[in-house]
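The figures that follow rest on heavy atoms only: side chains count, while hydrogens, waters and symmetry mates do not. The structure displayed is predicted, hence computed values, not measured ones.
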Amino acid sequence: MDSQKLVSIIITTYRRPELLSRAVESVLNQTYQDIEVIVIDDNDPDSTYREETLQVMAHFKGNNKVRYIKHPYNRRQSAALNTGIECANGYYIGFLDDDDVFLPEKIEAQVSMLESYRDRDDIGGAICNVYKAAGHKHPDATHYTTQQCRRNLIYPMLMSEISYFGSTALVKREVFNKLNGFNENLIRHVDWEFFTRFFNYYTLVLVEEPLVKIYIEGARNNPQAEKYLKAKEIFFDEVKSYLEIVEPHEREIIYRVHWFDVAISFFYNGYFKKGCEVLKRATAHGCLCKDEWVLLVKIILKKYIFRNNLCKKG
């Protein structure tokens, strides 16, 4: 590189003070040193999480590369990300979840890649592969390829074929100016919504080495069904026009898979009637595949038939 450009890494933190120091240190230990770390504390000010986060960040008080910004109340992830963007001075802006870590060469590899494409206005940023760490198991690396990333990534992203954009992406600042940052209307899927808009204007390049360690919770995520439904409705309302660039048959699969996931949440949480209503919404976009049928039958058998039989015996 002819000269280094400042890179801003934004870490939003909420209710995980015990992991925050590890994330910050992983950015400070980068081989690329023209960086600033912006920590956005989105905890409620009267909570023990705020107090513990203050204690963690006190260890970085003398480091001029670290900036610590406290929200006056919990504003949720998208607002915290936007606060970080507003305060960032970098030519490139990246993000790191407070429970994940960068490997030392992450920023240097991505900046080098992006600088090699400096004449391409259509390239808005770079991603990389990751190590997925779950519990005490040995981390598994993802193996996304440059060939996979040559197509528009909305479909593979929303189908979770290519994941983990949040902690891996390094994006040109001008992109956030064009897209007006993150959507603060969302309850969930903040990264998906942003990158769905992103892919209507830009592409991403891939550094094939795994350069981020993502820590995965072992249990299946079963959110409160009604809140999950509301979050999906808001998400699809916001991205509807941006999905028009997706092939029609792929768009139908996206809707079917996501509404099916919501239906499963209702069945899993014991709401059979509502589950059927949302399942009908899913099948309006196509027939369920074999794996979906298998999962549906398993949950219905476990949650309703076996439970009813046990109740009768009791």
*Asks:* Applying a strict under-4.5 Å side-chain criterion to I, L, V, M, F, W and Y, I'd like to know whether I69 and Y14 cluster together.
*Replies:* no

*Asks:* Give me the ring orientation class for W259 and F236: parallel if the planes are under 30° apart, tilted from 30 to 60°, perpendicular past 60°.
*Replies:* tilted

*Asks:* Which heavy-atom pair separates R173 from N89 by the least distance, and what is that distance?
*Replies:* NH1-N, 4.3 Å

*Asks:* Is the closest basic N to carboxylate O distance between E238 and R188 below 4.0 Å?
*Replies:* no

*Asks:* Yes or no on side-chain contact (heavy atoms from CB on, under 4.5 Å) for F182 and F176, after CA distance, side-chain angles and deciding distance?
*Replies:* CA-CA 8 Å; F182 289 86; F176 299 103; 4.0 Å; yes

*Asks:* Take R67 and E36, measure what side-chain contact (heavy atoms from CB on, under 4.5 Å) needs, and give me the verdict at the end.
*Replies:* CA-CA 8 Å; R67 299 164 64 192; E36 63 175 4; 3.4 Å; yes

*Asks:* Do Q224 and N269 have side-chain N/O donor and acceptor atoms under 3.5 Å apart?
*Replies:* no

*Asks:* With distance as the sole test, does S265 use its side chain to make a donor-acceptor pair with the main-chain N or O of D261 at under 3.5 Å?
*Replies:* no

*Asks:* Do the ring planes of W192 and F235 sit parallel (below 30°), tilted (30 to 60°) or perpendicular (above 60°)?
*Replies:* tilted

*Asks:* Does either side chain, that of E115 or that of Y92, offer a donor lying less than 3.5 Å from an acceptor on the other one?
*Replies:* yes

*Asks:* For T13 versus N43, what's the shortest heavy-atom pair and its separation?
*Replies:* O-ND2, 3.9 Å

*Asks:* Taking only Lys NZ, Arg NE, NH1 and NH2, and the carboxylate oxygens of Asp or Glu, determine whether E233 and R281 approach each other closer than 4.0 Å.
*Replies:* yes

*Asks:* Mind checking whether V294 and Y268 sit in one hydrophobic cluster, side chains of I, L, V, M, F, W, Y counted as touching below 4.5 Å?
*Replies:* no

*Asks:* Do Y131 and I214 come within less than 4.5 Å of each other through their side chains, counting heavy atoms only?
*Replies:* no

*Asks:* Test your reading of the model: is there a side-chain donor-acceptor pair from S26 to the backbone of V101, 3.5 Å cut-off?
*Replies:* no

*Asks:* Check whether any side-chain heavy atom of V7 sits under 4.5 Å from a side-chain heavy atom of L170, and report yes or no.
*Replies:* yes

*Asks:* Does atom NZ of K65 have more than 12 heavy-atom neighbours, drawn from other residues, nucleotides or ligands, at distances under 6.0 Å?
*Replies:* yes

*Asks:* Hey, does the side chain of K172 reach the backbone of I123 with a donor-acceptor pair shorter than 3.5 angstrom?
*Replies:* yes

*Asks:* Hey, is E209 close enough to K106 for a salt bridge, meaning N to O under 4.0 Å?
*Replies:* no

*Asks:* Quick one: closest heavy-atom pair of V212 and S167, and the distance?
*Replies:* CG2-O, 3.6 Å

*Asks:* Taking the six-membered ring where the residue is Trp, are the ring centres of Y242 and F195 under 6.0 Å apart?
*Replies:* no

*Asks:* If we only count heavy atoms from C-beta on, is the N183 to F194 side-chain gap below 4.5 Å?
*Replies:* no

*Asks:* Check the side chains of N74 and D44 for a donor-acceptor pair under 3.5 angstrom, ignoring hydrogens and angles.
*Replies:* no

*Asks:* Can you list the steps and then say if K70 with R50 is a side-chain contact (heavy atoms from CB on, under 4.5 Å)?
*Replies:* CA-CA 9 Å; K70 301 180 289 293; R50 169 62 62 85; 3.8 Å; yes

*Asks:* Any heavy-atom pair between the side chains of Q148 and E161 that's under 4.5 Å?
*Replies:* no

*Asks:* Per the salt bridge (Lys or Arg N to Asp or Glu O under 4.0 Å) rule, which among K213, R16, R22, R15 passes with D99?
*Replies:* R16

*Asks:* Strictly by modelled atom types, are D41 and Y68 linked by a side-chain donor-acceptor pair under 3.5 Å?
*Replies:* yes

*Asks:* Checking side-chain polar atoms at under 3.5 Å, does T146 have a donor or acceptor matched by the opposite partner on E208?
*Replies:* yes

*Asks:* Using the rule that Ile, Leu, Val, Met, Phe, Trp and Tyr join whenever any side-chain heavy atoms are under 4.5 Å apart, tell me whether I40 and L19 fall into a single cluster.
*Replies:* no

*Asks:* Given the rule that I, L, V, M, F, W and Y join up when any side-chain heavy atoms are under 4.5 Å apart, are Y201 and V246 in one cluster?
*Replies:* yes

*Asks:* Could you give me the CA-CA distance, side-chain angles and deciding distance for V207 and I127, then say whether side-chain contact (heavy atoms from CB on, under 4.5 Å) is met?
*Replies:* CA-CA 6 Å; V207 175; I127 55 173; over 6 Å; no

*Asks:* Can you tell me if H71 and T83 form a side-chain donor-acceptor pair at under 3.5 Å?
*Replies:* yes

*Asks:* Under a plain distance cut-off of 3.5 Å, with no hydrogens placed, do T12 and Q77 share a side-chain donor-acceptor pair?
*Replies:* no

*Asks:* Does atom CG of N185 have more than 12 heavy-atom neighbours from other groups under 6.0 Å away?
*Replies:* yes

*Asks:* If we count only N and O atoms by modelled type, under 3.5 Å, do the side chains of T31 and E105 hold a donor and an acceptor together?
*Replies:* no

*Asks:* Within a strict 4.5 Å, meaning less than it, do heavy atoms of the P17 and L20 side chains meet?
*Replies:* no

*Asks:* Does Y271 have K274 sitting over its ring (NZ/CZ under 6.0 Å from centre, angle to axis within 45°)?
*Replies:* no

*Asks:* Any salt bridge between R197 and E193, counting N to O under 4.0 Å?
*Replies:* yes

*Asks:* Quick one, F198 and L153 - any side-chain contact, counting heavy atoms below 4.5 Å?
*Replies:* no

*Asks:* State whether a side-chain donor-acceptor pair under 3.5 Å links Y164 with N129.
*Replies:* no

